[in-house]
Amino acid sequence: MKQTTIIPLVKPQSVSFIFNVQTIQNFIENRDVKQEGPHSHNYYEMVWLTRGNGTLHVDMQEYPVENNTIHSIKPNQIHQFQMEPGMEGFVFSFTDSFFKLDEHDFDWACQAGIRQLFTEGRTLRVPAEMEDDLKDIALKMIREFESEKPHKLEILKRFFKIFLIYLTRWTDENAESVEHSRETELVTNFQESLDKNYKEQKMVAEYARQLLVTPAYLNRVVKKHTGHSAGHLIRERLVLEAKRMGRYSGAGMKEIAYSLGFMDPAHFSRFFKSFAGINFSDFKRGSLVVALAGAPRRA
């Protein structure tokens, strides 16, 4: 059955750049962040707040943005920053293609470290002893980014790799055993495949076959590294997308069910309540109240 296309109220932002770095002050001025509502985009974003406080909303969850922390946003995550005056720091924006320009420059350890920052939704607190080194690298990146010198992209890529190595060194991602690294690679590949195929593939066996492992092994390794089985993450991803559509589009339950690959809306309704603990219609009504309460008032 052909899936229904949902037109979101929150329009994804698409960009042509593959890498961008700027201060938070410039980020606020260029994007008018104070007036910007919930949105998504097709690239990764890392926000390092070196001074100040604020609030970050990601997929209907609220996170405090505190002094000297790094927050990561994946493509297509619906989010909103509430930034306070006087905030300082840096914003790094980049696409998958940035890492594929010359893949041998970003080996598996480096790629796994940065991907885990996003797939696990981590908030990192930068240690005081690392802050000056990271600031120095960030400022060098900004100077290089704003220049018109030859080989700019190659230099930016190497600076950014050093920045990421500092982060992965601190989080001990590069100290993994060979066996642990292979498991991490499997989990990362599963999560990336899930993000692309969750509408069509709803069974653990389908992902296991694609990754050349047994369903039992995939469930065991994924649970070991994430705390949840592969089956749980599949159901969680479907419910997350249903909630996004329910809150940020005008679609009804039947349209959303078809869009997510459910042939029977009643089956989708039971599935949603079983996992989310609430009827979809009740969630939709609650989302409407939130949307109306949060709508900007115009004079």
Can you tell me if Asn279 uses its side chain to pair, donor with acceptor, with the backbone of Ser281 under 3.5 Å? no
Are Arg285 and Asp282 ion-paired here, with the side-chain N under 4.0 Å from a carboxylate O? yes
Nearest-0.5 Å distance, CZ of residue Phe19 to OH of residue Tyr44: 14.5 Å
Are any side-chain N or O atoms of Gln201 and backbone N or O atoms of Tyr198, one a donor and one an acceptor, separated by less than 3.5 Å? no
Check Glu154 with Arg158, please: is the shortest side-chain N to carboxylate O separation under 4.0 Å? no
Is it the case that Ser193 and Gln210 place a side-chain donor and acceptor less than 3.5 Å from each other? yes
Are Thr226 and Leu233 side-chain neighbours, meaning at least one heavy-atom pair lies under 4.5 Å? yes
Give the ring-plane orientation class for Phe283 versus Phe272, where under 30° counts as parallel, over 60° as perpendicular and anything between as tilted. tilted
Spacing of Tyr166 atom OH and Leu134 atom CG [to the nearest 0.5 Å]: 7.0 Å
Tell me whether Arg244 is salt-bridged to Glu241, with the criterion being a basic N under 4.0 Å from an acidic carboxylate O. yes
Audit row: His225, Glu183, side-chain hydrogen bond (donor to acceptor under 3.5 Å, both in side chains) steps and yes/no: CA-CA 8 Å; His225 288 266; Glu183 292 180 351; 2.8 Å; yes
Is the closest side-chain heavy-atom distance between Met245 and Leu260 below 4.5 Å? yes
At their closest point, which heavy atom of Ser229 faces which heavy atom of Asn219, and how far apart are they? CB-OD1, 3.4 Å
Quick check for you: to the nearest 0.5 Å, what is the distance between Lys199 atom NZ and Arg237 atom CZ? 8.5 Å
About how many Å separate NE2 of His39 and CD of Gln77, when rounded to the nearest 0.5 Å? 11.0 Å
Going by heavy atoms in the side chains, are Val65 and Thr55 under 4.5 Å from each other? no
Does some side-chain heavy atom of Ile256 sit less than 4.5 Å from a side-chain heavy atom of Phe280? yes
Heavy-atom closest pair (Glu45 atom, Tyr43 atom, distance to 0.1 Å) is OE2-CE1, 3.6 Å
Evaluate the side-chain proximity of Arg125 to Ile70: yes if any heavy-atom separation is below 4.5 Å, no if none is. no
Taking every heavy atom of Pro38 against every heavy atom of Ile78, the minimum-distance pair comes out as CB-CG2, 4.0 Å
For the side chain of Ser147 and the backbone of Glu144, is there at least one donor-acceptor N/O pair under 3.5 Å apart? yes
Please give me the minimum heavy-atom distance between Ala257 and Pro265, naming the atom from each residue. CB-CA, 4.0 Å
Is there a donor-acceptor pair under 3.5 Å between the side chain of Asn53 and the backbone N or O of Glu66? no
Measure the acute angle between the ring planes of His232 and His228, then classify it against the limits of 30° and 60° as parallel, tilted or perpendicular. parallel
Below 30° counts as parallel, above 60° as perpendicular, anything between as tilted: where do the rings of Phe268 and Phe271 land? tilted
Restricting to non-hydrogen atoms, name the atom on Lys202 and the atom on Phe262 that form the minimum distance, rounded to 0.1 Å. CE-CE1, 3.9 Å
Between Leu218 and Ala230 the two heavy atoms that sit nearest each other are CG-CB, 4.2 Å
Test item: Glu255 side-chain N/O and Gly252 main-chain N/O as donor-acceptor pair under 3.5 Å: yes
Ignoring hydrogens and angles, tell me if any N or O in the side chain of Glu131 forms a donor-acceptor pair with the backbone of Pro127 under 3.5 Å. no
Strictly distance-based, threshold 3.5 Å: is any side-chain N or O of Lys243 a donor or acceptor partner for the main-chain N or O of Met60? no
Quick one, Phe160 with Phe94, criterion ring pair (Phe, Tyr, Trp, His ring centres under 6.0 Å). Give me CA distance, side-chain angles, the key distance, then yes/no. CA-CA 10 Å; Phe160 194 44; Phe94 53 96; 5.1 Å; yes
So CG of Leu240 and CD of Gln61: to nearest 0.5 Å the spacing works out to 9.5 Å
Is it true that a side-chain atom of Ser93 and a backbone atom of Asn20 form a donor plus acceptor pair closer than 3.5 Å? no
Any chance the side chains of His57 and His79 put a donor and an acceptor closer than 3.5 Å? no
Val126 backbone acceptor or donor facing Asn68 side chain under 3.5 Å: yes
Enter the distance from Asn197:CG to Phe190:CZ here, rounded to the nearest 0.5 Å. 10.5 Å
Quick one: do the Ser269 and His267 side chains pair a donor with an acceptor below 3.5 Å? no
Determine the interplanar angle of the Phe92 and Phe163 rings, folded into 0 to 90°, and report it as parallel if under 30°, tilted if 30 to 60°, perpendicular if over 60°. tilted
